[in-house]
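The block underneath contains the structure these notes are about, expressed in C-alpha cells.
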Amino acid sequence: MALLEITDVARSYKDGQVSVQALKGVTISIEDGEFVSIMGPSGSGKSTLMNIIGCLDKPTAGTYSLANQQVQKMNDWQLANIRNEFMGFVFQQFHLISKLNALENVELPLIYQGVIGKERKQRAKEALEAVGLGERIKHMPSQLSGGEQQRVAIARAIVSNPRLILADEPTGALDSKASKNIMEIFQQLNKERKITIVQVTHERNIGEYGKRIYHLKDGLIDYIEEIQRTELEN
Ligand code: ADP
Ligand code: ADP
C-alpha cells in the first residue's frame, strides 16, 4: 500500500447557486520516499488537491488513505492530529513570524507539541544546520535573503521529523539560484532522510526535480510524466 492513495477524489465548491467542480475524479498513488511534482494552469485544481493531500480539506467524493488511515472519514481533530504527526508545510511566501528570529521560528512546531526548553532549542538548531543556516540562527527574517528565509521555513517543516513535506510553489518568490538551492535541499532530505516530498510548481525545471510530474487540467489528471535522470544526476 502506498503512503498516499488518492482514489477518484472529487471536490466541489458551492459558489452561491453555482457549484464549481474543482476536482472531478483524481487518482494518485505516491509511495513512501518518493519526490513528485504537481503542475497545471491556474484554476486546474492544484491548490484544492494540495489542501486535500495536506488534510486541510476533505474530498466531497472518493477516498484518500494516508499511511493506511482513511482521511475522508476523519473529524477536524483527527485531521489536525495527522497533519501534526506526518507533515511539514512549505509555502511560496515563507510565512515566518517577523518578530521571531530564525531559531524561534523553527522552535514553534515543537512548542505546540510540548517539547521543552533545551531539547527544543537543540532540535531547532540541528534543523537549521541541516539547511545550511547554522551560522544564522539568531538572525531575524528581515536580515535574511528570500532563499535563506525559505531555508528557515524548511527547517521549521522538518524539525518535527515529518514523513511528508508538502510544498506549494516553494520557489515562486525566489530567483533561479536560490530556487536551485532549495531544490537541492529537497533532494537531500528526500534521499538522506527518506522524506516523501510533494510539491506544486508552475516552473517546469523545478517540477523536474521530482521523479514524476502529475499534470492537472480542468480538475483531472491530464497526463503523468516520468522524469528520467542519469546515474550522475542522481
Ligand atoms: P493559484 O492559481 O496561484 O494557485 P489560487 O489557488 O489562489 O491561485 O487561485 C486559483 C483560482 O481559484 C483563482 O481563479 C481564484 O479566484 C480561485 N479561488 C481561490 N480561492 C477562492 C475562493 N475562496 N472563492 C472563489 N474562488 C477562489
Ligand atoms: P489552481 O491551484 O490550480 O489554480 P484551484 O484549486 O485554486 O486551482 O481552483 C480550482 C477551481 O476551483 C477554480 O475554478 C477555482 O475558481 C475554484 N475554487 C477554488 N477554491 C474555491 C472556493 N473556495 N470556492 C469556490 N471556488 C473555488
Side-chain angles (χ1 to χ4, degrees), residues 2-30 34-66 70-80 82-83 86-95 146 149-150 153-154 157 162 164-174 176 179 182-183 186 196-227:
L3 180 65
L4 288 91
E5 201 71 69
I6 294 162
T7 310
D8 292 327
V9 157
R11 174 69 167 101
S12 50
Y13 298 105
K14 276 246 161 12
D15 207 350
Q17 300 291 346
V18 199
S19 167
V20 181
Q21 280 251 293
L23 294 176
K24 299 173 180 166
V26 165
T27 297
I28 287 179
S29 173
I30 300 172
E34 285 193 310
F35 181 175
V36 305
S37 304
I38 298 167
M39 298 188 70
S42 197
S44 58
K46 303 184 296 298
S47 304
T48 302
L49 179 58
M50 281 298 263
N51 286 342
I52 288 173
I53 292 176
C55 299
L56 298 159
D57 187 19
K58 288 197 289 189
T60 40
T63 60
Y64 172 25
S65 121
L66 174 62
Q70 296 299 314
V71 176
Q72 77 282 352
K73 292 182 184 160
M74 291 181 184
N75 61 32
D76 287 350
W77 182 81
Q78 292 169 312
L79 292 174
I82 201 167
R83 274 201 307 275
F86 274 99
M87 302 182 198
F89 294 88
V90 175
F91 308 94
Q92 178 169 0
Q93 298 298 343
F94 325 134
H95 293 306
Q149 290 182 58
Q150 192 62 301
I154 294 171
L164 176 64
I165 290 178
L166 293 179
D168 193 355
E169 298 280 0
T171 62
L174 303 178
S176 60
S179 298
I182 294 301
M183 285 303 112
F186 276 177
T196 305
I197 299 179
V198 181
Q199 66 169 0
V200 162
T201 180
H202 274 98
E203 298 164 87
R204 190 176 167 87
N205 63 321
I206 297 298
E208 284 175 355
Y209 280 90
K211 77 168 246 216
R212 186 158 72 252
I213 304 178
Y214 293 95
H215 292 269
L216 279 185
K217 191 177 162 189
D218 295 333
L220 290 166
I221 305 266
D222 190 22
Y223 62 103
I224 301 172
E225 186 181 5
E226 302 288 339
I227 304 299

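Worth knowing before you read on, the calculation uses all heavy atoms, side chains too, and leaves out hydrogens, waters and symmetry mates. Just so you know, ligand 1 is whichever comes first in the structure, and atom 1 is the first atom listed for that ligand.
- Heavy-atom proximity to Ser44, at under 4.0 Å, picks out these atoms of ligand 2: 1 (P), 3 (O), 8 (O).
- Defined by atom type and a distance below 3.5 Å, a donor-acceptor pair is missing between the side-chain atoms of Tyr209 and Thr201.
- Ring geometry, Tyr223 versus His215: the interplanar angle falls under 30°, so the pair is classed parallel (tilted spans 30 to 60°).
- Using a 4.0 Å heavy-atom cutoff, Gly40 is absent from the residues neighbouring ligand 2.
- Atoms of ligand 2 found under 4.0 Å from any heavy atom of Pro41, numbered from 1 in the order shown, are 3 (O).
- In this structure, Phe89 and Phe91 have parallel ring planes: the angle between them is below the 30° cut-off, well short of the 60° mark.
- The atoms of ligand 2 that sit less than 4.0 Å from any heavy atom of Ser42 are 4 (O).
- Between Ala22 and ligand 2, no N or O atom pair is found at a separation short of 3.5 Å.
- With rounding to the nearest 0.5 Å, the separation of CD1 in Ile182 from CD1 in Ile154 is 4.0 Å.
- Between the side chains of Tyr214 and Arg212, a donor-acceptor pair is found at a separation under 3.5 Å.
- In terms of polar-atom proximity, defined here as any N/O pair under 3.5 Å, Val20 makes no such contact with ligand 2.
- In summary, the side chains of Gln199 and Ser37 do present a donor paired with an acceptor at a separation below 3.5 Å, with no hydrogens or angles considered.
- Here the shortest heavy-atom distance to atom 9 (O) of ligand 2, taken over Leu49, Leu216, Thr48, belongs to Thr48.
- The Lys46 neighbourhood of ligand 2 comprises atoms 1 (P), 2 (O), 3 (O), 4 (O), 6 (O), 8 (O), with distances under 4.0 Å to a heavy atom of that residue.
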